[in-house]
Participant: 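First the structure, then my questions, so here it is.
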Amino acid sequence: MTATVVKKEGPAGVAPAPTVGSHVNNYWRRVRGGDIGALPAVIMLLVLAVGFSIARPSFFTAGNLANLFTQGAAVTLIAMGLVFVLLLGEIDLSAGFASGVCAAILANVVTVLGYPWYVAVLAAVVTGVVIGTVLGLLVAKVGIPSFVVTLAGFLAFQGVVLTLMDEGANIAVRDDTLVAIANRNLSPALGWALAALAVGGYAAVQLLRHRNRSARGLLTDPIAVVAARIGGLAVILGLAVYVLNLERSRNVLVVSLKGVPIVVPIIAVLLVVWTFVLQRTSYGRHIYAVGGNAEAARRAGISVDRIRISVFVICSGMAAIGGIVAASRANSVDPNTGGSNVLLYAVGAAVIGGTSLFGGKGRVLDAVLGGAVVAVIDNGMGLMGYSSGVKFVVTGVVLLAAATIDALSRRRAAATGTR
Amino acid sequence: MTATVVKKEGPAGVAPAPTVGSHVNNYWRRVRGGDIGALPAVIMLLVLAVGFSIARPSFFTAGNLANLFTQGAAVTLIAMGLVFVLLLGEIDLSAGFASGVCAAILANVVTVLGYPWYVAVLAAVVTGVVIGTVLGLLVAKVGIPSFVVTLAGFLAFQGVVLTLMDEGANIAVRDDTLVAIANRNLSPALGWALAALAVGGYAAVQLLRHRNRSARGLLTDPIAVVAARIGGLAVILGLAVYVLNLERSRNVLVVSLKGVPIVVPIIAVLLVVWTFVLQRTSYGRHIYAVGGNAEAARRAGISVDRIRISVFVICSGMAAIGGIVAASRANSVDPNTGGSNVLLYAVGAAVIGGTSLFGGKGRVLDAVLGGAVVAVIDNGMGLMGYSSGVKFVVTGVVLLAAATIDALSRRRAAATGTR
Amino acid sequence: ACGDNGGSSDQAGGSTDKKPKIGVILPDSKSSARWEGADRKFLKEAFDAAGVESDIQNAQNDKTAFQTIADQMITNGVNVLMIVNLDSGTGKAVLDKAKSQGVATIDYDRLTLGGSAQYYVSFDNEAVGKLQGEGLSKCLTDKGVKNPSIAYLNGSPTDNNATLFKNGYDSVLKPKFDSKEYTKVADDSVPAWDNAQAATIFEQQLTKAGGKIDGVLAANDGLGNAAISVLKKNKLNGKVPVTGQDATKEGLQNILAGDQCMTVYKAVKKEADAAAELAIALAKGEKKETGQTVKDPEGNRDVPAVLLEPKAIYKDNVKDVVADNYVTKEELCTGAFAKLCTDAGVS
Amino acid sequence: MSATPLLELRGIDKSFGPVQVLRDVAFTAHPGEVTALVGDNGAGKSTLVKCISGIYPTDAGEFLFDGRPVSINSPRDAAALGIEVVYQDLALCDNLDIVQNMFLGREKRSGIVLDEPTMEQMAAETLAGLSVRTVKSLRQHVSSLSGGQRQTVAIAKAVLWNSKLVILDEPTAALGVAQTAQVLELVRRLADNGLAVVLISHNMNDVFAVSDRIAALYLGQMVAQVKTTDITHSQVVELITAGRSGGLGLAGEPGSNGTGAAPADTTPGAVR
Amino acid sequence: MSATPLLELRGIDKSFGPVQVLRDVAFTAHPGEVTALVGDNGAGKSTLVKCISGIYPTDAGEFLFDGRPVSINSPRDAAALGIEVVYQDLALCDNLDIVQNMFLGREKRSGIVLDEPTMEQMAAETLAGLSVRTVKSLRQHVSSLSGGQRQTVAIAKAVLWNSKLVILDEPTAALGVAQTAQVLELVRRLADNGLAVVLISHNMNDVFAVSDRIAALYLGQMVAQVKTTDITHSQVVELITAGRSGGLGLAGEPGSNGTGAAPADTTPGAVR
Ligand SMILES: Nc1ncnc2c1ncn2[C@@H]1O[C@H](COP(=O)(O)OP(=O)(O)OP(=O)(O)O)[C@@H](O)[C@H]1O
Ligand SMILES: Nc1ncnc2c1ncn2[C@@H]1O[C@H](COP(=O)(O)OP(=O)(O)OP(=O)(O)O)[C@@H](O)[C@H]1O
Ligand SMILES: [Mg+2]
Ligand SMILES: [Mg+2]
């Protein structure tokens with residue numbers, strides 16, 4: 001996160017003293033140097049949001065914001081899993097239909113066989129894990145390129161879904177708990193409580209780290225900067241919860257609609273967990289190492305095969321969760337679940353967020369931000385009322401425009417080498 | 001192609017004398033060392049062909065062989081273009097729908113506007129070139145990752161096709177010349193003539209090269225090996241022409257059906273041309289260089305951007321030709337032309353043939369062999385009479401089995417470093 | 001249930017001074033040309049004529065997009081939502097959500113099982129399939145083929161309509177298969193209604209059958225044309241009857257040329273007008289009687305319905321389609337087809 | 001010279017496809033000694049190192065570690081035996097920073113969480129000991145380091161651990177004057193602490209400065225392994241370039257191992 | 001010393017993001033002379049080379065080539081001026097073979113077809129002149145070469161062309177004894193043929209053996225550029241490690257350029 005100097009000496013070796021001013025200054029120089037992290041994705045989101053709000057004022061309503069989350073949830077979840085595979089420079093074309101298979105299992109278990117929801121969820125996730133293990137073994141142990149393995153998976157799983165769906169019929173999912181996942185909201189109070197918990201947790205981690213580092217005499221960010229970060233998070237979360245807790249029913253007499261959609265905390269928890277795994281555990285470190293230079297990782301004694309298998313397991317597991325959310329949102333599973341554009345949108349989300357297809361570079365947050373970009377475009381386009389041909393064209397153009405923001409802001413990325 | 005020794009000296013520096021025996025021996029050692037070129041794809045094809053012939057004897061008929069070529073032609077042509085993009089480590093997700101756009105232009109020009117076929121073909125190819133130029137500029141000059149650019153293209157072109165097709169209608173292609181491309185055959189005599197021409201040309205090139213090299217005192221393959229290569233080609237081509245010239249009409253009284261399908265020489269000519277470009281021109285050399293190490297290529301004074309743009313132009317241009325063939329085969333263009341599995345099959349064909357997604361490795365022949373594998377699987381599965389769910393599953397499994405042959409035979413590829 | 005919803009939609013209508021607004025979600029643009037080519041046009045004309053605002057969108061066969069569009073329309077404040085569902089599950093989710101927000105709903109062309117729509121306007125998809133089955137056997141009889149071998153080219157395996165069509169033609173043909181009068185030699189679904197794949201699939205059916213296929217039951221004109229292209233290649237076109245659906249220009253031309261035996265014409269304009277009329281009434285807070293009902297077995301209720309009859313088109317009644325202005329003579333009778341048009345009495 | 005060598009190789013053969021790179025190589029490394037491995041470019045030194053560390057499988061031959069036969073199939077196995085290697089092609093992960101690279105595969109943890117402060121401190125200390133003064137930040141990606149800085153990181157990475165055998169493949173090639181001196185001193189110190197050290201270098205001054213024993217590879221064959229004190233500068237150069245020098249090295253025609261008269265305690269050709 | 005230098009740099013600044021690597025650097029290279037560029041690890045030598053060859057854009061500064069101001073924005077521009085560079089990070093295409101790499105970007109053709117036999121012959125001759133004896137085949141991918149072999153290929157690639165200025169960044173780092181001698185001889189020969197040669201090296205013996213002039217970088221600043229005959233071995237080492245030596249180099253506090261008393265014909269600090 002921050003800079004540390006081995007020794008201070010010589011004119012070129014001077015490190016900036018860690019004051020607030022120098023910190024801001026440094027950040028600005030890094031941004032100008034092209035090292036900008038999540039900034040372009042955030043700018044993209046802002047530009048898109050402003051653009052759509054101007055074109056269609058209804059875009060800018062609490063109701064639409066809430067829709068946005070549930071609309072983008074499944075793709076985002078799948079994209080989060082894909083980040084792991086992409087970090088290794090591999091690809092999983094089968095993630096979309098893997099989510100379909102898991103959703104089909106879920107529907108079969110809960111509706112056809114009549115088991116309770118948790119059994120169905122467990123079955124779906126286990127299916128995902130099994131799929132991932134098989135894919136991973138084929139890639140790592142047999143040595144087939146992941147593109148081919150997962151292309152085969154793409155075809156086969158499509159067939160499996162069809163078979164599980166009895167060649168074309170669809171299966172309804174009516175279990176209340178399952179339907180709630182993508183369709184109900186937290187109570188306003190619970191929303192506030194969770195937000196408070198998140199800010200508190202973040203503050204605790206940041207402050208502990210600050211104390212720990214300064215106790216050891218290592219360079220740290222100034223405490224004011226740490227406080228500003230915590231404050232920033234608090235403001236953002238507070239605002240989001242506030243807006244989502246507004247009444248958004250069109251007809252309060254019929255039904256009251258307010259609160260944070262249940263998928264939001266699900267995504268948030270997974271984001272925190274996977275970010276923790278990638279950034280703070282040696283397993284995550286090893287993923288980056290294998291993605292950056294598999295040979296170096298092997299020489300460092302890392303079991304490259306095991307890492308390779310594990311990312312496919314994570315990816316398919318997340319696809320299973322995405323499938324569950326999709327089934328919940330649709331109240332049903334049909335042979336197209338996980339098909340059509342789901343896969344490309346998910347990979348696209350990860351890549352737009354800043355994940356490299358060549359491995360070694362990417363974060364789970366990228367997938368969430370990229371997923372948000374994709375969801376905003378989809379949502380906004382839905383408000384424009386174009387005919388389908390025009391809509392496709394405009395969607396493509398808007399996506400390109402968003403990506404251009406990113407490309408131009410990374411233009412100066414003359415590899416500053418610091419993070 | 002062959003090994004040359006700088007100097008003979010020292011015990012480890014001895015190069016094998018270039019006799020026929022040592023040549024065969026050397027080839028065998030290379031194969032065992034994992035450097036096997038087109039061998040696995042050929043084995044794959046053989047295994048698949050034998051398997052399907054056993055399961056369904058009708059697979060092994062002249063008629064089915066002829067069908068095979070026309071069925072796989074469009075995907076193969078698109079895959080040939082994709083090889084160029086893949087050689088640079090880029091991807092073109094829009095190639096499928098780009099072929100759809102070009103086909104739609106073709107159909108509009110020839111059917112709706114009523115121009116002659118060559119105007120329509122020209123319009124289609126020009127459209128492809130324009131599309132490629134735009135994609136290439138966005139990737140090379142603006143710096144957006146090709147995955148994102150072509151994902152946007154994938155969406156936008158889909159919309160363009162719909163718009164060109166009046167939001168969903170089909171446009172018939174009834175022009176005789178256009179329909180002939182994928183549906184008629186050469187006369188048997190012409191087939192023989194072309195085969196003879198091909199063998200003669202190959203022989204001339206090989207013998208000239210042999211004379212040229214030995215005149216300069218450079219190491220050459222023994223003349224017997226050269227002769228064997230020429231003979232091999234002659235046998236293969238002769239056999240193919242012979243089989244395709246057999247009568248395959250089910251009712252000779254009604255109609256006679258024989259000869260090499262017209263798409264075959266089209267693919268063959270494009271294969272020769274592109275192989276020549278890649279292997280024997282400095283442009284081709286530069287493509288490999290940029291794909292292998294873009295920075296090294298830049299330092300060597302190669303204009304990396306120009307190469308990058310050009311491969312997208314080639315790819316979209318080949319997609320246009322693929323689109324024309326697809327339109328010819330279906331006698332019509334519909335909004336699905338170039339959609340559904342076309343893109344994944346095309347990329348899959350290139351990858352199965354041995355092209356790397358990371359750039360720097362691949363040949364146009366790979367795309368043709370991989371395209372053949374995909375076509376054989378599709379063709380064979382069509383004879384099995386499975387229900388669609390099972391068909392998908394089995395297709396996936398067969399694809400995987402084929403890829404396993406490749407993976408296992410490359411297993412030993414402990415990088416021998418010689419080609 | 002109808003009364004309750006009518007009341008709440010009144011409220012919603014009353015709370016805004018703006019013109020009433022109707023949202024329509026079409027299913028896709030690739031399974032059939034009708035959605036974007038005909039339905040959109042006719043519905044829009046009807047709505048514009050009545051002076052109501054409308055928002056017509058297409059879900060492109062993507063359930064997620066379907067739900068997103070529905071959310072957006074509700075956000076945008078439509079008073080009536082008219083959907084062609086992609087499957088009953090998502091359809092129900094959308095209808096329920098709309099209902100909970102006080103938006104009136106109509107099932108257009110496809111009934112959402114277990115759903116809550118106030119009206120159902122449709123052609124009967126099984127009836128379409130029946131016409132195709134009957135058409136094929138009529139053409140085979142006309143050609144005097146004995147013990148014909150039949151190949152099925154079904155629609156997308158993931159499309160519920162394809163299943164309904166198939167139920168329809170199976171109900172006609174299965175007895176003939178069972179009685180050994182006909183033989184079924186191939187039965188394949190075409191993923192995503194993809195015409196290019198259809199050509200390959202049919203070519204393989206033909207190879208597998210050793211060239212002996214006497215009749216092709218193609219689920220729509222696009223698939224039919226794909227089969228015809230392969231038949232042409234084998235110089236079998238015109239000898240083997242092929243069915244279709246949608247009365248597309250291309251299909252009609254194939255019929256005129258004698259390559260295709262029949263297609264099924266759905267007078268989309270009638271359907272669109274009927275649906276638009278109901279929607280406008282709902283948007284204005286009125287209630288209409290339809291006279292017919294359809295039983296929803298899953299929701300266990302009788303849905304007020306307008307049901308229209310599809311029509312089989314052979315060479316001799318191609319002119320009816322033109323007379324209906326579904327396809328214009330100029331489009332249809334181009335080039336070589338001018339003479340065929342005259343022969344078939346198209347004017 | 002201690003009784004049992006720490007590492008002993010016998011009859012190692014290694015081919016890449018049709019090219020045989022190592023033939024019948026024998027080699028020993030003794031604890032407390034620096035063994036210099038010399039040879040011309042392309043003689044097979046790096047290949048030998050990679051065979052020892054399990055990166056390449058060998059075609060034939062035996063490995064003895066501490067007198068016991070072992071089989072090393074992967075770098076993990078080598079690390080488990082206590083073998084650390086600085087490779088000529090450094091093999092750092094460009095997308096990771098200096099600290100992350102130095103602790104790769106052996107991260108310090110508290111619980112399951114990475115203990116970054118500890119690692120950062122340890123890295124800083126090790127690098128300081130190697131005269132690295134121009135690195136701006138330990139959190140810099142290694143892709144942005146200069147050639148010498150990269151090499152220092154690789155060396156620091158290898159000496160951070162308690163190992164028994166340290167192999168350094170041309171460790172000072174890219175280093176400056178001061179840094180080279182530091183590394184040579186480090187090499188000597190490691191040996192004095194009882195470790196076995198193998199040093200590959202083309203610099204004869206360095207070789208003679210720190211090594212106790214010199215092994216010479218010539219075109220994939222081990223032509224001599226002798227005590228440094230028993231051989232002269234020019235003799236080594238002759239062994240490297242011609243494979244023989246007086247009684248040392250290959251005897252007759254290339255291909256057969258020499259067994260000419262050898263000075264006491266030197267073994268010509270494949271040792272032992 | 002000829003009147004106009006072939007290459008003259010003035011006031012070059014270069015930063016990577018927040019890190020300034022070169023500050024106000026001046027540098028000259030004269031035709032017919034070998035200019036040695038020395039400096040500690042991370043001093044900025046390679047960065048300076050990459051600025052000259054157009055790989056990195058500079059933040060400020062002037063380039064004069066043959067007395068005329070030029071702007072070099074890409075390696076193409078540099079090549080067009082007649083500048084050839086052997087980079088420290090060799091930058092070879094691993095998926096191409098030796099011949100293909102050596103002629104990359106300047107392939108010999110007959111018509112539009114690549115003239116492989118000519119290229120192969122030329123490559124063989126050049127490599128033979130560099131004492132490369134262990135390369136098995138010129139059609140070997142460079143990925144399979146040993147460290148020294150790769151370096152030789154990179155050097156051979158640069159000297160194959162008629163150029164005016166050859167810059168070699170640590171060309172002998174991985175080379176064996178014989179090969180190093182050959183390269184140094186080659187360097188001398190190039191200069192004697194009237195080319196300007198810039199040699200970066202950490203080996204003082206080599207520097208003093210072949211150079212006519214020595215330029216010393218210290219932490220991104222040019223602290224001295226003097227004739228080799230006017231300076232001693234230990235003075236150079238002092239300049240490298242401390243930035244000053246007697247009257248040479250940085251004068252007072254780090255950051256300001258020294259202008260102390262200088263011997264005749266030497267210019268302290270940034271030259272000229
Ligand atoms: N993967 C490979 N495939 C084929 N040949 C190889 C491969 N790796 C190395 N070689 C060959 O093996 C020989 C020995 O290489 P090695 O790298 O061991 O040499 P070295 O002694 O380390 O040389 P240097 O001093 O230049 O580093 C060389 O001729 C090289 O070309
Ligand atoms: N892309 C980059 N981003 C940030 N810092 C860089 C980058 N490239 C080089 N540096 C820094 O610039 C300084 C000079 O590097 P350079 O490679 O020029 O050194 P050098 O003099 O060639 O050293 P060596 O003798 O080790 O090769 C180093 O401190 C290095 O860390
Ligand atoms: Mg080596
Ligand atoms: Mg350097």
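What you see is a predicted model; the values in this text were computed from it and never measured. Chain identifiers are assigned alphabetically (A, B, ...) following the order of the sequence lines, protein sequences preceding nucleic acid strands; residue numbering begins at 1 within each chain. No hydrogens, no waters, no symmetry mates; every other heavy atom, side chains included, goes into these values.
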Participant: Taking all non-hydrogen atoms of both residues, which atom of B:Ala403 and which atom of A:Val148 are closest, and how far apart?
Facilitator: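 Looking at all heavy atoms of both residues, the shortest contact is CB-CG1, 3.5 Å.
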Participant: Heavy-atom cut-off 4.5 Å, strictly under: side chain, backbone, both or neither for B:Phe157 against chain A?
Facilitator: neither
Participant: Got a sec, which residues hit side chain to side chain donor-acceptor pair (under 3.5 Å) with A:Asn293, two or more places apart in sequence or on another chain?
Facilitator: none
Participant: Which heavy atom in A:Leu400 sits nearest to a heavy atom in B:Ala152, and how many Å separate them?
Facilitator: CD1-CB, 3.8 Å
Participant: With a 4.5 angstrom heavy-atom cut-off, could you sort out which part of A:Val347 is near chain B: side chain, backbone, both or neither?
Facilitator: both
Participant: In terms of heavy-atom pairs under 4.5 Å, which option from B:Leu138, B:Leu151, B:Leu357, B:Val160 contacts chain A the most?
Facilitator: B:Leu151
Participant: Do you know which of B:Gly89, B:Gly359, B:Ser356 has the most heavy-atom pairs under 4.5 Å to chain A?
Facilitator: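 Highest number of heavy-atom pairs under 4.5 Å: B:Gly89.
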Participant: Could you check A:Val161 against B:Phe392 for side chain to side chain contact (heavy atoms under 4.5 Å, CB included), going step by step and ending with a plain yes or no?
Facilitator: CA-CA 10 Å; A:Val161 180; B:Phe392 273 122; over 6 Å; no
Participant: Please classify the contact of B:Tyr386 with chain A as side chain, backbone, both or neither, using a heavy-atom distance under 4.5 Å.
Facilitator: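 Neither part, no heavy atoms under 4.5 Å.
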Participant: Assess whether side chain to side chain contact (heavy atoms under 4.5 Å, CB included) is satisfied between A:Leu155 and B:Tyr345, documenting all intermediate values.
Facilitator: CA-CA 10 Å; A:Leu155 295 168; B:Tyr345 273 9; 3.9 Å; yes
Participant: Once side chain to side chain contact (heavy atoms under 4.5 Å, CB included) is applied, do any residues pair with B:Val333, and if so which ones, sequence neighbours excluded?
Facilitator: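 So B:Val333 forms a side chain to side chain contact (heavy atoms under 4.5 Å, CB included) with B:Ala103, B:Ala104, B:Ala107, B:Met165, B:Val173, B:Ala327, B:Thr337.
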Participant: Tell me the closest heavy-atom pair linking B:Ala156 and A:Val393, and the distance in Å.
Facilitator: O-CG2, 3.4 Å
